[in-house]
Peer 1: 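Please see the structure below; I have some questions.
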Amino acid sequence: LDLFVVTVSLALEITFRVVHKDILHDLVGILILFRVWRFVRIGHGLVASSTFELQEIKMHELKHYVMGVEEMVTQCGGELPKERPSVLMADSKSEH
């Protein structure tokens, strides 16, 4: 889609410089809108990617905190629930 939009917009801009018609004005305006939309999508992708990475870091820190608290509880003679969230089960097997 990007290749198509860029190719068509360049062709229309070259044609627009040669021929001055109102229809070409409208087409160029639409293609500019598509270009702006691409920048918005790229920006959204960057924000979504960085947000996901931050969530992963926070989740990792929280898992370690919970595991430390569980260890303290068992050392003090307390009992943990028999069922644990699957998120904690996967991490505890790989880290212990």
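Count residues from 1 along the sequence.
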Peer 1: Spell out, yes or no, whether Val69 and Leu80 are grouped together once hydrophobic residues are joined by side-chain heavy atoms under 4.5 Å, including indirect joins.
Peer 2: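 Yes, Val69 and Leu80 fall within the same hydrophobic cluster.
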Peer 1: Can you confirm whether more than 12 heavy atoms, excluding those of Glu79, are under 6.0 Å from its CD atom?
Peer 2: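 It does not: Glu79 CD has 12 such atoms or fewer within range.
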Peer 1: Between Lys58, His64, Glu56, Lys63, which is the residue that forms a side chain to side chain donor-acceptor pair (under 3.5 Å) with His60?
Peer 2: His64
Peer 1: Does Leu46 offer a backbone N or O that forms a donor-acceptor pair with the side chain of Ser49 under 3.5 Å?
Peer 2: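 Answer holds: no.
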Peer 1: Between CD1 of Ile57 and CZ of Phe52, what distance do you get to the nearest 0.5 Å?
Peer 2: 11.0 Å
Peer 1: To the nearest 0.5 angstrom, please state how far the CH2 atom of Trp37 sits from the NE2 atom of His44.
Peer 2: 9.0 Å
